[in-house]
Amino acid sequence: MNKINFEKILENLDEAVLAVDYDNKIIYANKYFCSLFNTNSELVSGKYVYDFLPEKTDTIVIKDCTYKISKINDEFCSYFYMSVVDNQLEKIYSDFISTVSHELRTPLTSIRGFADTMLLSYDKLDKDQMHKFLTIIKEQSNRLIKLVENLLSISKIQVQQSNFVYKSINPKSQIEKVIEILKNQYPSHPIELKSQADIQNILADENKFQQIMINLIDNAAKYSYERGAVTVRIANSSQNENFVSIKVEDHGVGIEPENLSRIFEKFARVENHLTRKTQGSGLGLYIVKNLVEKMGGKIFVESSTELPNSGSVFEVLLPAASYIAQSKKVLED
Ligand code: ADP
């Protein structure tokens with residue numbers, strides 16, 4: 001094979017290839033290598049190979065992909081080959097497709113089924129049956145709306161385009177609105193709100209704050225057994241007076257300690273007695289964490305599975321409006 005053909009093959013290879021001289025200086029880098037490191041062959045040429053690759057291990061993680069590095073020594077130079085052994089992005093993408101198709105198909109099938117039944121037998125159905133079917137159609141439509149909103153949120157988070165409209169808001173009245181919505185969806189779960197009397201306003205985006213609370217309270221009811229109570233507690237944080245603490249407590253299935261950090265990852269659903277029965281995309285907590293942190297807050301979770309209803313407590317800390325106003329003033333002065 002002549003040199004030109006050989007170089008063409010290397011250029012179009014789906015593996016990164018480098019050739020280095022005896023001093024470990026790069027004498028050739030193919031297109032794939034240059035695109036991985038956002039560079040070009042002229043810039044790379046003459047650089048030390050270990051400025052790019054690890055010296056002590058034979059794997060490297062770049063842009064969610066793990067590459068295995070193999071080295072072959074030749075008479076005149078050495079070649080480094082980097083081939084993909086684990087592509088997290090591909091996995092995330094295929095998880096995404098299967099979760100979203102399942103999450104879309106399930107409520108749509110149910111909506112179509114109940115609408116069909118009503119159309120075919122509307123003259124035979126009594127008022128109660130009609131009411132029951134329409135309620136299911138409404139609940140399933142709400143699920144679809146929540147999924148679409150969550151999907152829009154992650155795409156915005158990914159492209160960093162989320163617009164936040166900050167206002168001084170009263171957390172108690174916002175949470176009351178959210179509980180009103182969710183009470184209809186979970187009639188068998190008592191959802192209680194307990195608030196300190198002199199609670200401070202927070203500086204947050206109203207819609208995003210509601211989205212955070214909907215996801216947390218919805219999970220608390222969803223991962224609890226029938227009639228499991230959910231309590232939302234609002235207080236000025238005892239740890240830091242500049243923050244307001246909102247705790248969502250349930251007595252549900254709980255989360256094993258080893259899964260506590262995983263639940264905030266995109267598409268992470270942890271197996272429990274109720275995950276198979278309940279619908280979900282594994283996006284809720286990922287979005288919640290992102291929104292809370294973008295608004296200058298923090299989220300914590302405590303949970304246990306020791307007893308059947310040990311339950312979980314999710315705590316969100318958000319900055320008080322007066323604290324932000326003060327900090328701004330200090331900066332301006
Ligand atoms: P989804 O509920 O759609 O699966 P989330 O991101 O909201 O996705 O939650 C991720 C996982 O964390 C859930 O699948 C569930 O296993 C676990 N989880 C979240 N909240 C609770 C809770 N209050 N109690 C027990 N498990 C929970």
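None of the values given here were measured: they were computed from a predicted structure. For ligands, and for the atoms within them, numbers begin at 1 and follow the listed sequence.
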Apply side-chain hydrogen bond (donor to acceptor under 3.5 Å, both in side chains) to Asp198 and list each qualifying residue two or more places apart in sequence or on a separate chain. Gln196
Short N or O distance, Val270 and ligand 1, threshold 3.5 Å exclusive: yes
Can you sort out which atoms of ligand 1 are near Lys222, meaning under 4.0 Å from one of its heavy atoms? 1 (P), 2 (O), 3 (O)
Against heavy atoms of Gly282, which atoms of ligand 1 measure under 4.0 Å? 1 (P), 3 (O), 4 (O), 6 (O), 8 (O)
Counting from 1, what ligand 1 atoms have a heavy atom of Leu283 closer than 4.0 Å? 6 (O), 8 (O)
Polar contact flag for Asp250 and ligand 1 (N/O pairs, less than 3.5 Å): yes
Using a 4.5 Å cut-off on heavy atoms from C-beta on, say whether the side chain of Tyr67 contacts that of Thr59. no
Ile255 to ligand 1: N or O pair under 3.5 Å? no
No-hydrogen, no-angle side-chain donor-acceptor test under 3.5 Å, Gln174 and Gln210: yes
May I ask you to establish whether Lys208 and Phe164 are in a cation-pi arrangement, using a distance under 6.0 Å from NZ or CZ to the six-membered ring centre and at most 45° from the ring axis? yes
For residues 306-317, run the donor-acceptor check on the side chains, cut-off 3.5 Å, and write out each pair with its distance to 0.1 Å, sequence neighbours left out.
from, atom 1, to, atom 2, distance (Å)
Ser310, OG, Leu307, N, 2.8
Ser310, OG, Leu307, O, 3.0
Ser312, OG, Ser303, OG, 2.9
Glu315, OE2, Ser245, OG, 2.8

Can you see whether Tyr186 engages Asp218 through a side-chain donor-acceptor pair at a distance of less than 3.5 angstrom? yes
Just heavy atoms, cut-off under 4.0 Å: does Phe314 contact ligand 1 by side chain, backbone, both, or neither? side chain
With heavy atoms only and a cut-off of under 4.0 Å, state how Leu285 meets ligand 1: side chain, backbone, both or neither. both
